[in-house]
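Beneath this line is the structure, given in structure tokens, with notes to follow.
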Amino acid sequence: MTQAPKLTLFNSLSRSKEAFTPLHAGKVGMYVCGVTVYDYCHVGHARVMVVFDVIYRWLMQLGFDVDYVRNFTDVDDKIIKRAAERGVSIDELTGAMIEAFHADADALGCLRPTHEPRATGHMHAMIAMIESLIARNYAYVSDSGDVLYAVRRFAGYGQLSGKNIDELESGSRVDVDEQKRDPLDFVLWKMAKKGEPAWASPWGEGRPGWHIECSAMSCGHLGESFDIHGGGMDLKFPHHENEIAQAQAANGGKFARYWLHNGFVNINAEKMSKSLGNFFTIREVTERYHPETLRMFMLGTHYRSPLDFSDAALDVAKTGLDRLYETKKRVGASVWYEIKDRSQVVPEGFAAAMNDDFNTPEALAELFEVSRQLNRALDAGEAAAGLTDAMIAMSDLLGVLQQEADAWFQSGDVDSVRIEAHIEARKQARKDRDFTRADAIRDELAAEGIVLEDGPSGTSWKKV
RNA sequence: GGCAGGGUGGCUCAGUGGUACGGCGGAGGACUGCAAAUCCUUUAUUCGCGAGUUCGAUUCUCGCCCCUGCCUCCA
């Protein structure tokens with residue numbers, strides 16, 4: 001049914017929805033800016049992971065062969081500083097943080113990108129690009145030896161963020177740096193001070209500026225021109241703007257064709273960020289909520305809209321997931337995984353929602369609707385294999401309902417043997433029609449957060 | 001100040017030129033010994049405010065108010 005994919009997506013470059021057509025038929029090259037690995041990821045990072053994971057899954061569902069590249073910035077001032085503070089080596093710090101990143105991403109149910117390049121592994125490509133920029137007069141070596149990009153040389157500067165160079169200058173929040181010919185110029189290669197990590201280059205020992213790595217690695221993996229480039233809204237300027245300036249000046253090509261930017265995670269209507277200190281790490285949150293609940297919470301809002309983070313919102317996400325898991329439980333673990341060709345069973349409405357700029361709230365509405373229909377069929381004693389297939393397909397595409405229903409409801413430190421014993425005792429009491437005693441047992445368990453459900457096939461329990 | 005994106009029921013979140021999706025919550029009902037779960041019904045004469053275009057606007061245009069973000073590192 002997903003024949004003739006009519007995928008439409010909002011391109012930040014044109015600030016409008018556009019029909020998606022890949023550069024090479026049947027293939028999609030997608031680059032997403034990852035993280036600087038000097039600390040644990042917070043919920044804002046989680047959103048990027050989840051948003052582009054869903055996009056990745058949907059592109060594959062549409063039949064595209066997707067090359068999904070997400071980088072790790074593993075050389076940077078903040079990393080150097082943090083490593084020094086902790087008295088560990090740069091490699092130890094970045095290695096540990098990359099490991100933590102993967103653990104978080106895995107917990108959130110995100111598929112691994114096809115490539116996860118590290119900046120330190122692509123020095124040659126970056127140096128080559130800088131050389132090209134110098135050769136074409138888009139870059140210069142300053143008095144201090146740093147290599148800088150001459151922003152005014154690039155005619156299209158500001159096209160992505162809608163900025164006007166002259167207004168940027170007058171904004172004057174840009175540091176006035178004596179070595180810069182123009183305040184807007186940014187560093188491509190930074191000379192190393194003693195003790196700092198350094199790589200050999202035609203300009204001396206040093207390290208790359210932040211922006212050059214993404215231009216070099218995206219082009220390196222996907223070609224000078226590729227389909228999708230994504231990241232958080234805050235990367236639009238200056239990072240993505242600079243990426244465009246670098247890549248297009250160096251290659252002369254088009255660079256990324258579609259730019260996707262996800263909205264922020266807010267707390268009390270304020271952006272969650274390191275500098276404001278109002279952030280929660282993914283691991284802090286997942287100690288209190290299942291990671292899938294966090295994922296569900298993110299799916300409930302369109303990826304470009306701001307997302308307000310709060311326990312109340314997570315509670316709502318959990319309640320919704322509980323509903324869906326209740327259906328999964330009724331269907332039964334044995335038949336849940338017997339899914340046929342997914343493309344044959346994804347409901348029209350779901351596909352339409354996803355094809356409309358990855359509208360997950362709308363897609364979720366379809367999932368809830370099918371869940372309801374399935375419950376109705378189950379109530380009527382029907383098998384409803386088609387509805388089950390549809391529900392499995394949709395939940396797999398969104399990356400939810402990935403746990404066993406029993407595990408979902410019975411997680412935590414509970415003594416299931418003891419609970420089963422109580423249930424047996426209550427069963428006998430009910431059989432004897434001693435409801436006072438039966439209710440007492442139920443109340444006792446309820447006090448511990450264990451809820452009993454009497455169904456046609458016996459009594460089951462769940463932890464709330 | 002410049003630029004961008006928003007203001008939809010108690011909360012949350014979609015959406016459309018012809019009176020509004022889903023979730024949470026509330027109310028009533030079915031089921032149940034009673035519950036829980038599930039299902040059914042119901043819960044915005046209304047989509048920030050004021051004009052305009054139109055047969056008709058929440059959806060298009062203009063103005064205003066308010067919120068957030070970017071303009072420096074930031075997902």
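Just so we're on the same page: letters track the sequence lines, and every chain starts at 1. Heavy atoms only: backbone and side chains are in, while hydrogens, waters and symmetry mates are out.
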A4(B) phosphate, OP1 or OP2, under 4.0 Å from Arg15(A) side-chain N/O: no
Candidate nucleotides G15(B), A75(B), C39(B), ranked by approach to the side chain of Asn375(A) - the nearest: C39(B)
Close approaches to RNA chain B from residues 274-288 of chain A, in residue order (heavy atom, under 4.0 Å): none
Complementary nucleotide of U38(B), counting Watson-Crick and G-U pairs under 3.5 Å: A30(B)
Distance-only donor-acceptor test, Asp454(A) side-chain atoms vs C34(B) base atoms, 3.5 Å: yes
Counter-base of G25(B), judged by Watson-Crick or G-U geometry with both distances under 3.5 Å: U43(B)
Sugar-phosphate only, base, or nothing, as touched by Lys329(A) at under 4.0 Å among non-hydrogen atoms: nothing
Under 4.0 angstrom between Arg323(A) side-chain N/O and G22(B) OP1 or OP2: no
His302(A) side chain, from C-beta outward: closest of U68(B), G23(B), A14(B): A14(B)
Protein-to-nucleotide contact annotation, 5' to 3' order, nucleotides 6-11 of chain B [B base; S sugar-phosphate only; - none; under 4.0 Å, heavy atom]: ------
A14(B) OP1/OP2 closer than 4.0 Å to side-chain N/O of Ser305(A): yes
Chi angles and distances behind the side-chain contact (heavy atoms from CB on, under 4.5 Å) call for Tyr68(A), Ile55(A): CA-CA 10 Å; Tyr68(A) 172 23; Ile55(A) 288 173; over 6 Å; no
Donor/acceptor link under 3.5 angstrom from Lys163(A) side chain onto base of C70(B): yes
Nucleotide of G33(B), U38(B), C40(B) approaching Ala438(A) most closely (side-chain heavy atoms): G33(B)
Complement of G52(B), any strand, by Watson-Crick or G-U distances under 3.5 angstrom: C60(B)
Presence of Arg430(A) side-chain N/O under 4.0 Å of U32(B) phosphate oxygens OP1/OP2: no
Side chain Arg442(A) and base A35(B) donor-acceptor under 3.5 Å: yes
Distance below 4.0 Å between Arg70(A) side-chain N/O and A75(B) OP1 or OP2: no
Shortest side-chain distance from Thr319(A), nucleotide among G25(B), G69(B), C21(B): G25(B)
Contact residues, residues 232-241 of chain A to RNA chain B [heavy atom, < 4.0 Å]: Gly232(A), Asp234(A), Leu235(A), Phe237(A), Pro238(A)
Base G33(B) to side chain Asp439(A), donor-acceptor N/O within 3.5 Å cut-off: yes
